[in-house]
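The block underneath contains the structure these notes are about, expressed in structure tokens.
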Amino acid sequence: MASSFHLIEPYQRKGSIFVVRSDARMSHVLNTGARKNELLITNAVATKESSSAASTSLKPGHELLLFEALREGLEEEMDRDRSVCVIGEDVGHYGGSYKVSKGLATKFGDLRVLDTPIAENSFTGMGIGAAVTGMRPIIEGMNMGFLLLAFNQISNNCGMLHYTSGGQFKIPIVIRGPGGVGRQLGPEHSQRLESYFQSIPGIQMVACSTPYNAKGLMKAAIRSDNPVILFEHVLLYNLKERIPDEEYVLSLEEAEMVRPGEHVTILTYSRMRYHVMQAAKTLVNKGYDPEVIDIRSLKPFDLFTIGNSVKKTHCVLIVEECMRTGGIGASLTAAITENFNDYLDAPIVCLSSQDVPTPYAGTLEEWTVVQPSQIVTAVEQLCK
């Protein structure tokens with residue numbers, strides 16, 4: 001599906017405007033200040049699925065930006081189930097920091113779209129209490145880094161109450177919000193909390209990467225009786241894609257095959273999906289045939305899809321924006337080694353962000369995150 005990345009004010013950088021498509025092509029609106037890595041694959045050959053991009057406008061459905069797809073999924077579930085409510089800072093008439101809840105307070109009222117003070121521990125605990133009593137709250141963290149203030153509620157209450165109550169309580173809650181390395185947002189607003197939350201028993205984690213899976217995962221998370229953390233990347237909110245008119249709900253435990261291939265399995269998620277697809281075009285141009293999988297479910301892993309790919313390619317590269325130490329890549333490496341070690345012809349390679357606070361300076365920020373050129377080099381070395 002063809003998608004475009006329309007920048008609005010929070011994401012513009014001085015002197016540059018970027019337009020990115022879901023097949024990782026970059027439109028020619030870069031000025032002389034564009035970064036080298038973003039020009040890596042502009043003239044490379046197309047990947048297998050890119051040939052369908054031209055016909056996207058003929059497909060049924062409607063186009064939405066990713067934040068609009070999240071809102072559409074949320075609105076549909078609030079229409080369907082009166083127990084669904086939204087709680088967080090500025091989620092009401094302001095519409096949320098990235099407009100995911102825009103218009104919902106007017107439609108559903110202030111009690112179902114509840115603005116809160118700046119007190120993450122309090123309103124997260126309130127949401128968990130609401131879930132225990134039968135509501136299905138969606139807790140929005142204005143920035144995922146702020147949810148560290150609610151870590152006690154998420155770990156000791158949200159993840160464990162079903163167990164500690166002997167199954168008497170269900171905790172059907174969704175915790176969601178923007179995270180990841182943006183464009184010069186500084187270290188405190190560039191957190192990747194997947195590694196923080198992955199060890200909490202009883203919690204599921206998913207990461208959306210396209211408008212299609214953002215809506216489908218949002219609806220699935222709301223309907224789940226388990227607590228779900230939905231990770232959204234701050235730089236993907238304006239990604240545009242055509243999605244079906246009819247209702248659909250995705251599985252919370254399935255990976256997505258982005259590009260079938262034969263030579264190497266590349267496992268990724270969230271924003272890094274697009275870095276990988278940029279690199280994939282260069283790799284195809286060099287004669288490689290990478291298989292790209294967006295794992296989507298960060299906990300639990302879809303070992304069925306991953307295992308079938310490993311049995312076919314016998315080589316694995318993991319690309320993540322999470323920190324290297326104790327990150328999703330480390331857990332994924334362990335899971336693959338434990339379950340599919342006999343099928344590997346080479347050690348698993350994991351490309352992760354550096355274990356440093358994200359710098360504010362744009363050039364330094366770029367150095368901390370995996371770039372397409374590094375992915376190309378890793379695949380070339382892995383496939384020797």
Side-chain angles (χ1 to χ4, degrees), residues 8-11 65-75 77-78 83-133 135-158 171-194 196-197 203 205-208 214 218 221-222 227-238 358:
I8 58 177
E9 186 175 349
Y11 304 111
L65 301 176
L66 190 144
F67 79 89
E68 294 173 327
L70 288 166
R71 182 172 65 221
E72 185 172 273
L74 178 54
E75 184 175 4
E77 291 305 300
M78 293 184 75
S83 69
V84 177
C85 59
V86 180
I87 303 172
E89 300 153 355
D90 288 335
V91 297
H93 293 280
Y94 184 73
S97 56
Y98 290 90
K99 304 307 178 184
V100 172
S101 57
K102 182 179 179 182
L104 298 184
T106 301
K107 179 176 181 179
F108 297 105
D110 294 340
L111 290 180
R112 291 188 67 193
V113 186
L114 183 63
D115 272 327
T116 68
I118 302 174
E120 285 78 8
N121 58 344
S122 298
F123 68 72
T124 302
M126 182 172 66
I128 295 168
V132 169
T133 61
M135 300 293 287
R136 291 186 176 273
I138 295 95
I139 304 298
E140 176 178 318
M142 185 178 288
N143 182 281
M144 290 300 273
F146 302 160
L147 289 177
L148 290 176
L149 295 168
F151 194 87
N152 176 63
Q153 285 75 16
I154 295 171
S155 59
N156 285 329
N157 301 142
C158 188
I171 318 294
I173 190 172
V174 179
I175 299 172
R176 52 154 296 271
V181 177
R183 298 209 185 278
Q184 295 181 262
L185 298 179
E188 293 181 0
H189 288 193
S190 301
Q191 295 273 31
R192 287 81 83 198
L193 298 187
E194 305 96 296
Y196 288 68
F197 293 125
I203 285 181
M205 303 195 311
V206 291
C208 61
M218 170 70 88
I222 293 172
V228 179
I229 301 178
L230 173 59
F231 292 94
E232 305 154 15
H233 199 286
V234 68
L235 289 183
L236 297 184
Y237 278 126
N238 293 316
T358 304

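Smallest separation of non-hydrogen atoms from Val228 and Ala221: CG1-CB, 3.8 Å. Closest heavy-atom contact between Ala214 and Leu66: CB-CG, 3.9 Å. Taking every heavy atom of both residues into account, Ile138 and Leu74 meet most closely at CD1-CD1, 3.6 Å. Here the closest heavy-atom approach between residue Ala105 and residue Gly92 is recorded as CB-C, 3.7 Å. Across Cys208 and Leu236, no two heavy atoms sit closer than the pair O-CD1, 4.3 Å. Shortest non-hydrogen contact noted between Pro172 and Pro137 is O-CD, 3.6 Å.
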List the steps, then state whether side chain to side chain donor-acceptor pair (under 3.5 Å) holds for Ser190 with Arg183.
CA-CA 9 Å; Ser190 301; Arg183 298 209 185 278; over 6 Å; no

Test Val84 against Arg112 for side-chain contact (heavy atoms from CB on, under 4.5 Å), laying out the working first.
CA-CA 7 Å; Val84 177; Arg112 291 188 67 193; 4.3 Å; yes

Just do the side-chain contact (heavy atoms from CB on, under 4.5 Å) check on Leu148 and Gln191 with the steps written out, would you?
CA-CA 10 Å; Leu148 290 176; Gln191 295 273 31; 3.9 Å; yes

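Residues Leu114 and Val86 have side chains not in contact (no heavy-atom distance under 4.5 Å, counting atoms from C-beta outward). Using a 4.5 Å heavy-atom cutoff, the side chains of Leu70 and Leu230 are in contact. Using a 4.5 Å cut-off on side-chain heavy atoms (C-beta onward), His189 and Phe146 make contact. Side-chain contact between Leu193 and Phe231 is present, with heavy atoms from C-beta onward closer than 4.5 Å. Here the side chains of Ile171 and Ile128 are in contact, with some heavy-atom distance below 4.5 Å.
When atom types are taken as modelled, the side chain of Asp115 and the backbone of Val91 share a donor-acceptor pair closer than 3.5 angstrom. Judged purely by atom type and a 3.5 angstrom limit, Ser101 uses its side chain to pair as donor or acceptor with the backbone of Gly95. Under a 3.5 Å cut-off, the side chain of Thr124 and the backbone N or O of Asn121 do not form any donor-acceptor pair.
Evaluation of the side chain to side chain donor-acceptor pair (under 3.5 Å) test over residues 139-157, restricted to residues two or more places apart or in two chains, returns Glu140-Arg176, Asn152-Asn156.
Counting heavy-atom neighbours within 6.0 Å of Lys99 NZ, excluding the residue itself, gives a total above 12.
Taking CD of Glu89 as the start and CE of Met142 as the end, the distance is 4.5 Å to the nearest 0.5 Å. If you take SG on Cys85 and CD1 on Ile173, they are separated by 8.5 Å, rounding to the nearest 0.5 Å. Distance check, rounded to the nearest 0.5 Å: CZ of Arg71 to CG of Leu65 gives 9.0 Å. Atom CD of Glu77 and atom CD1 of Ile222 lie 5.0 Å apart (nearest 0.5 Å). Interatomic distance, Phe108 CZ to Met78 CE, rounded to the nearest 0.5 Å: 5.0 Å. Taking CD1 of Ile203 as the start and CD1 of Ile175 as the end, the distance is 6.0 Å to the nearest 0.5 Å.
Shown here are the side chain to side chain donor-acceptor pair (under 3.5 Å) partners of Lys107, two or more places apart in sequence or in another chain: Glu75, Asp79.
In summary, the side chains of His93 and Asp110 do present a donor paired with an acceptor at a separation below 3.5 Å, with no hydrogens or angles considered. Side-chain contact annotation: Thr358 with Arg192, donor-acceptor N/O pair under 3.5 Å present.
Taking the six-membered ring where the residue is Trp, the centroids of Tyr98 and Tyr237 are separated by under 6.0 Å.
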